[in-house]
Amino acid sequence: MPGRSSKPLFELMTGRRSAAAAARARAAEPRPSPSRAPSGEEPATYAIRVTTLYLGGAILLTLGVLLYAGGYKLGFNAGKADFASSLGAGAADTEDPIRDPINTNQSVPSDPIASTRSPPSNTPRTDPAPAQVLREPQATPLPTGANVLEIGSGPIITYAGMAQADPRLAGVNYVQMGDLPRDQAAAAIEYFAANAERIIAIPLERRGAQSNNPWYRLFSLEVPVPSEQFAAMGRDRRDHIRRIAQIGQRWRRDERGGSDFSSAFYSKYVP
């Protein structure tokens, strides 16, 4: 019949399927991106790793710390030098030299007992030479058979005999050894003098003053210590007290002394 296709039915159906498949294939093809450059070249991109960023930050931080530390040290040294120079200049202008009160204002004579005696009238008076703070023992033993209680006169027993005046200096610290009756005090003074230690004994007014054998308090004249140097001379003080205790132990053991003076200590002399 006119207007009808002469193709068989299966051919028509196959043709339709082919057309549909072709249409689907065209639809699945990738279309050009609208943002693509007209020249067809894509823009360049760069990828940076996170570890690279951390490494760069750590390097910059380290450099900053080093620069800060170097600048701080330079500034600190400069300020320290300026302060030291200004301090040195001020101290040199205002401070007085340190003086030893034992050797200057309150010098201890080498023999305080002898210094209290008046020189002969025909002999010019000379001031005693100042003794060093740490002196070698200078006591001289008494003659054989002599007794300190029978030499001189006065209330104070010394290694050179009886004396009127106390040879100690006010404000200076001396070793206080202990208290003994007069006979024992005199025996201790003679024994210590034989061992090159000068000892004196001061009468105690409230302890047996009216008896035949009053009590005395013993002091050592060796290694006097000014109050200003009490802490600085700590080693000298300890050595001196140790020496007194050693001599005292021998005196008590060999001579049956009344004390070994193991509790001796330094005390300031206040008249």
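When reading the values below, keep in mind they use all heavy atoms of this one structure, side chains included, and skip hydrogens, waters and symmetry mates.
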Compare every heavy atom of [Y] with every heavy atom of [X], then report the nearest pair and how far apart it is.
X: K268; Y: S227; value: CE-OG, 3.0 Å
X: I241; Y: A264; value: CG2-O, 3.8 Å
X: F261; Y: A188; value: CZ-CB, 4.1 Å
X: Q164; Y: I156; value: O-CD1, 4.1 Å
X: A185; Y: L218; value: CB-CD1, 3.7 Å
X: H240; Y: E222; value: CE1-O, 2.9 Å

Value rounded to 0.5 Å, distance of [atom1] in [X] from [atom2] in [Y]:
X: Y174; Y: D166; atom1: OH; atom2: CG; result: 8.0 Å
X: L53; Y: T51; atom1: CG; atom2: OG1; result: 8.0 Å
X: Q176; Y: I202; atom1: CD; atom2: CD1; result: 10.5 Å
X: E255; Y: Q184; atom1: CD; atom2: CD; result: 10.5 Å

Are side-chain heavy atoms of [X] and [Y] found at a separation under 4.5 Å?
X: E190; Y: N147; answer: yes
X: P224; Y: N173; answer: no
X: M177; Y: I199; answer: yes

Side-chain polar contacts of residues 247-254 - donor-acceptor pairs under 3.5 angstrom, sequence neighbours left out - could you list them?
unit_1 : atom_1 : unit_2 : atom_2 : d
R250   : NH2    : N195   : OD1    : 3.3

Any donor-acceptor N/O pair, N213 side chain to P181 backbone, under 3.5 Å: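 The answer is no, because no donor-acceptor pair under 3.5 Å joins these two groups.
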Hydrophobic cluster partners of V270 (side-chain heavy atoms under 4.5 Å):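 Other cluster members: none.
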Centroid-centroid distance, F219 to Y266, less than 6.0 Å: no
Verify same cluster id: I244, F230 (apolar side-chain graph, 4.5 Å): yes
